[in-house]
Amino acid sequence: MNFAPILEIVRELKDNTPTGEKPNQELKESLNAKLKAFGNVRISGRLAVPPRVMGKAAFVHLSDGVCRLQIYVRKQDAKPISNDTGETIDEEGKAWEVFGLLDHGDFIGTEGYLFLTNTGELSVHVETIQFLSKSLMPMPDKMHDIADPEISRRYRYVDLIASSLRNKTDDELEEERQTGVKKLTTREVFERRAKLISGMRRFLDDHDYIEVETPMLTPKATGAAATPFETDHKALGIKLYARIAPELYLKRLTVGGFEKVYELNRNFRNEGLSHKHNPEFTMLEFYCAYMDVNGMMDFAEAMIKKSVRKAVGSLQVKYGGHEIDFEQFERISMKEAIARHWDAKFSKLGSETFEESWLDDSKKLVLLFRFFDWKVEEDIFSSEQMLQEKIDDMWKVTNQRLEEDHIGFDVTEARASISLARLFEIVAESKLIQPTFIIDYPKSISPLSKASPENPQIAERFELFINGMECANGFSELNDPQEQYERFVDQMKERETGDEEAMVLDEDYIRALAYGMPPAAGIGIGIDRLVMLLTNKHSIRDVILFPHLRPEKRDEDRKDEA
RNA sequence: CGGUCGGUAGCUAAGUCUGGCUUAAAGCAGCGGACUUUUAAUCCGUUAAUCGUGAGUUCAAAUCUCACCCGACCGACCA
C-alpha cells in the first residue's frame with residue numbers, strides 16, 4: 001500500500017489548522033471522504049494505552065513497538081472475529097463485549113477504514129476486531145520511565161515495552177527543544193547500535209574485507225592480556241578458554257592469504273564489572289595486508305566517520321556536558337599528551353621544574369610514576385587543598401625512597417615504559433575528550449606490534465581515545481617469527497616477576513608466522529564504548545541488551561523465609 | 001574491596017534531618033459506575049503498603065542506632 005497520499009491528506013488538514021485549534025469541520029469531512037475511498041486497512045498490535053471508553057465508543061492506540069496508530073471502536077459499527085472459526089460473529093453488541101475485556105498491553109487485530117478525528121489525528125474506524133494475545137502482567141506507567149535501573153536491565157523486555165508505550169511529558173519535550181538533544185528511548189538506543197554496526201560492516205564489505213568467524217573456545221587465551229573464563233572439553237579432556245581476543249587467529253588468516261579480514265563479535269574477559277567493562281563485549285577487529293599504522297589510522301578514521309554519520313545523522317554528538325566532534329581526529333604522541341595535560345599544580349617539584357624532556361629520562365619516569373602512584377593511593381592527588389609544600393615534601397620522600405631501593409642506576413627499558421604508560425593514564429587519559437589517536441607507544445608494552453624503524457624502543461602502534469575512554473587499539477603487525485618469539489619470552493619473564501597481565505606464549509602462532517605473514521596493520525574497536533558515546537549513555541550496561549548482573553537474590557530470599 | 005546515595009501499594013512517589021494529630025499523603029494503573037470524536041480524556045465511587053530484612057533504643061520508630069540484603073554512581077582492580 002502506498003502511504004504517501006494518506007500522509008498528504010493528513011498534512012493538508014494540519015496545514016489548514018492553526019495550532020491549538022480544532023480543525024475545520026467541512027474540510028475534515030471532505031478529506032475523510034477521500035480517506036474512505038482508500039478502502040479498509042488492517043492493523044494489529046499491542047494496546048499502547050488503557051482504552052479510553054466513552055459510553056458506547058472508545059479510542060485506543062495500537063503500538064507495533066515503534067509507532068502507534070489510534071483506532072476508534074464504536075459499539076454499533078464493530079463486529080468481532082471468532083478465534084475458533086475465523087468467522088465474523090454477526091451479533092449485536094458482541095464486539096463491544098469483547099472490547100470490554102481488553103486490557104492495556106493486550107494484542108489485537110483490527111480492520112476498518114481510515115478517518116481524521118475532531119482533533120485531526122489519523123485513526124482507524126474499526127469494523128472487525130479480533131483478540132490475539134493477553135498480557136497478564138501490568139503494563140509500565142505510560143508517563144514515566146522505569147525508575148529502577150535494575151528492572152530496566154534485568155527485565156529488558158519490560159523496559160522495551162515501557163519505552164515503546166511511553167509518552168513524553170511536556171517538560172521533557174520542552175527540555176529537548178531547549179537543549180536540542182533528543183533523549184533516546186531504549187528501543188532507539190539499540191536501533192542506533194544496530195545502525196552503527198551495519199554501517200561498519202557495509203564499509204568493510206565495500207572495501208573488499210571478508211568477514212570470518214574464528215574460535216570462541218580456544219586452548220590458549222592469547223591475543224591480549226586479560227584473565228580468561230575457563231571451561232573444559234569432556235571428550236578431549238582438555239581445558240578451554242573463552243577467547244579474550246581473536247587477534248592471533250585473524251593474523252593466521254593473513255598468513256593463509258586473506259589479505260583483508262574482519263570479525264565483529266564477542267570477546268570474554270573474566271575481570272571486574274564497571275560502567276565501561278562487561279564480561280562479554282563486542283569487538284570489531286580487522287586486518288589489512290600491505291598497510292601500516294598510519295594507513296590504518298586513516299582508514300579507521302574514515303570508517304568511524306562514515307558509520308557515525310549513518311547511525312546518528314551527524315558527526316557532532318552531545319555526551320554529558322561535552323560535545324564530541326567526530327569531524328577531526330587529532331594525532332599526538334603519548335609523551336606530547338602527557339606534557340600537554342600536565343597539571344600546573346605539579347609544575348614545581350621541590351627545587352626542580354617539570355620539563356617534557358623528563359619523559360625521555362628512564363629514571364625520572366620511574367620517579368614520577370612512583371610519585372603519582374603514591375599520591376593516588378594516599379588520595380591526595382584529587383584534593384583541592386594541595387599545597388606546594390606538601391608536593392615538595394612528597395617529591396623529596398619519593399626521591400629518597402628511590403635512592404634507598406637502589407633503583408635508578410639500572411632502570412630497565414620495560415620498567416621505564418610501563419611507568420610512561422601509567423603516567424599517561426594518570427595525567428592525560430581522562431582529558432582526551434575529542435577523538436584523539438595517541439601514537440608512539442613504548443615497544444615493551446606492545447608485544448604484538450612492529451617496532452618503529454626510526455626508534456627501536458617505540459612501537460608502530462596507536463590507541464584511539466574519546467571522552468577519556470580507550471575506544472580502539474591498532475598497530476603495524478609484528479610479522480617476524482623470531483622477534484615475536486623473543487617478545488613472548490620477554491612477556492613470560494614479566495609474568496614471572498608478577499605481571500599477570502603479560503601475554504601468554506602461543507607456539508602455533510609462531511609457526512604460522514614462520515610460514516610468512518605479509519606486512520599488515522590491524523585494529524580492534526570496542527563497539528560498546530562507541531555506542532555509549534553515540535547514545536549519551538554513561539554505562540556499558542545501557543548499550544548491551546542483556547548485561548551481566550548479579551544473580552537475582554529475591555527468589556532465594558523467599559525460599560529462606562518459607 | 002572502599003566512599004557516596006538510595007530501597008515507602010503493580011508503577012511514580014511525599015513524609016525521614018527535627019520520633020507522636022498521618023488512620024502512611026497524592027497521581028497513574030486496577031476494580032465498579034456515567035459519558036458515541038478522545039488522546040496524560042473527564043467525572044463519581046473503591047481496592048491496594050508487615051515503609052528492603054533482622055535486632056536494638058523508646059511510653060511511642062517509615063523516621064534514631066547497629067548488622068545484613070539489594071541496587072546505582074564514584075574509586076580500587078581490569079589495556
Side-chain angles (χ1 to χ4, degrees), chain A residues 22-23 25 28 32 48-61 68-78 96 103-105 115-123 125 136-154 158 162 165-173 224-227 244-245 267 269-279 281 376-377 379 381-382 418 421-422 424-425 429 438 441 445-447 461 463 465 469-473 499-503 524 526 529 538-539 541-542 549-554 556-558 560-561:
Chain A
K22 288 201 172 179
Q25 286 296 312
K28 197 198 79 177
N32 275 346
V49 289
R52 290 185 291 277
V53 181
M54 292 160 300
K56 297 189 177 75
F59 286 99
V60 63
H61 282 91
R68 61 186 87 191
L69 181 61
Q70 180 167 258
I71 60 167
Y72 175 59
V73 182
R74 201 154 70 156
K75 187 176 178 182
Q76 75 224 45
D77 296 343
W96 195 245
D103 286 314
H104 187 195
F115 76 110
L116 294 161
T117 68
N118 279 348
T119 54
E121 178 166 345
L122 184 69
S123 308
H125 193 122
L136 297 175
M137 303 293 273
M139 283 297 110
D141 188 295
K142 65 176 173 294
M143 291 313 287
H144 294 96
D145 274 324
I146 307 258
D148 185 344
E150 189 183 355
I151 290 176
S152 71
R153 291 164 184 174
R154 202 182 285 282
V158 179
L165 300 189
R166 184 167 169 272
N167 290 319
K168 279 179 178 157
T169 63
D170 292 344
D171 289 350
E172 284 172 321
L173 290 170
T227 314
I244 55 175
N267 286 349
R269 295 187 186 177
N270 201 348
E271 285 164 356
L273 285 77
S274 85
H275 66 108
K276 44 179 149 168
H277 296 90
N278 195 60
F281 60 100
V376 169
E377 279 172 16
D379 200 26
F381 182 47
S382 57
I418 289 165
R422 283 282 295 144
F424 166 75
E425 285 168 25
E429 197 174 292
I438 295 297
Y441 268 68
I445 57 165
S446 314
R461 174 184 177 192
E463 286 196 358
F465 288 87
M469 261 192 309
E470 181 201 334
C471 291
N473 177 16
D499 183 2
E500 290 176 11
E501 291 165 29
M503 220 171 273
R529 291 178 177 183
H538 296 247
S539 171
R541 291 173 172 188
D542 291 332
L549 301 170
R550 219 175 283 272
E552 201 164 14
K553 285 286 170 59
R554 290 169 190 181
E556 288 174 25
D557 291 349
R558 285 196 205 101
D560 291 347
E561 281 162 23

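Just so you know, these numbers come straight off a predicted model, no measurement behind them.
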A:Arg74 has a side chain; which of B:C35, B:G75, B:U36 sits nearest to it?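 So the nucleotide nearest the side chain must be B:U36.
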So what does A:His538 hit on the nucleic acid, given a heavy-atom distance under 4.0 Å: a base, only sugar-phosphate, or nothing?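 A:His538: no heavy atom of the nucleic acid under 4.0 Å.
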Mind checking A:Val60 for me? I need base, sugar-phosphate or nothing, with any heavy atom below 4.0 Å counting as a touch.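 Here A:Val60 touches no strand at all.
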Please enumerate all residues that pass side-chain hydrogen bond (donor to acceptor under 3.5 Å, both in side chains) together with A:Lys28, with sequence neighbours excluded.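 For A:Lys28 the side-chain hydrogen bond (donor to acceptor under 3.5 Å, both in side chains) partners, ignoring immediate neighbours, are A:Asn118.
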Can you tell me the pairing partner of [N] across any strand shown, Watson-Crick or G-U wobble, with both distances under 3.5 angstrom?
N: B:G71; result: B:C5
N: B:C66; result: B:G54
N: B:C59; result: B:G20
N: B:A34; result: B:U42
N: B:G10; result: B:C28

Going from CZ on A:Phe115 to CD on A:Gln70, what distance comes out if it is rounded to the nearest 0.5 angstrom?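 Between atom CZ of A:Phe115 and atom CD of A:Gln70 there are 7.0 Å.
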Roughly how many Å is it from CZ in A:Phe59 to P in B:U36, rounded to a whole number?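 It is 12 Å, rounded to the nearest whole Å.
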N/O (side chain, [X]) to phosphate O (OP1/OP2, [N]) under 4.0 Å:
X: A:Arg52; N: B:A40; answer: no
X: A:Lys22; N: B:U38; answer: yes
X: A:Ser539; N: B:C73; answer: yes

Taking the same atom, [atom1], in [N] and in [M], what whole-Å distance lies between them?
N: B:A25; M: B:A14; atom1: P; value: 15 Å
N: B:G75; M: B:C64; atom1: P; value: 29 Å
N: B:U4; M: B:G10; atom1: C1'; value: 30 Å

Who pairs with A:Phe424 by ring pair (Phe, Tyr, Trp, His ring centres under 6.0 Å), at least two apart in sequence or on another chain?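 Ring pair (Phe, Tyr, Trp, His ring centres under 6.0 Å) check on A:Phe424 returns A:Phe465.
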Can you find an N or O donor on one side and an acceptor on the other, under 3.5 Å apart, linking the side chain of A:Gln70 with the base of B:U38?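 Result: at least one qualifying N/O pair found.
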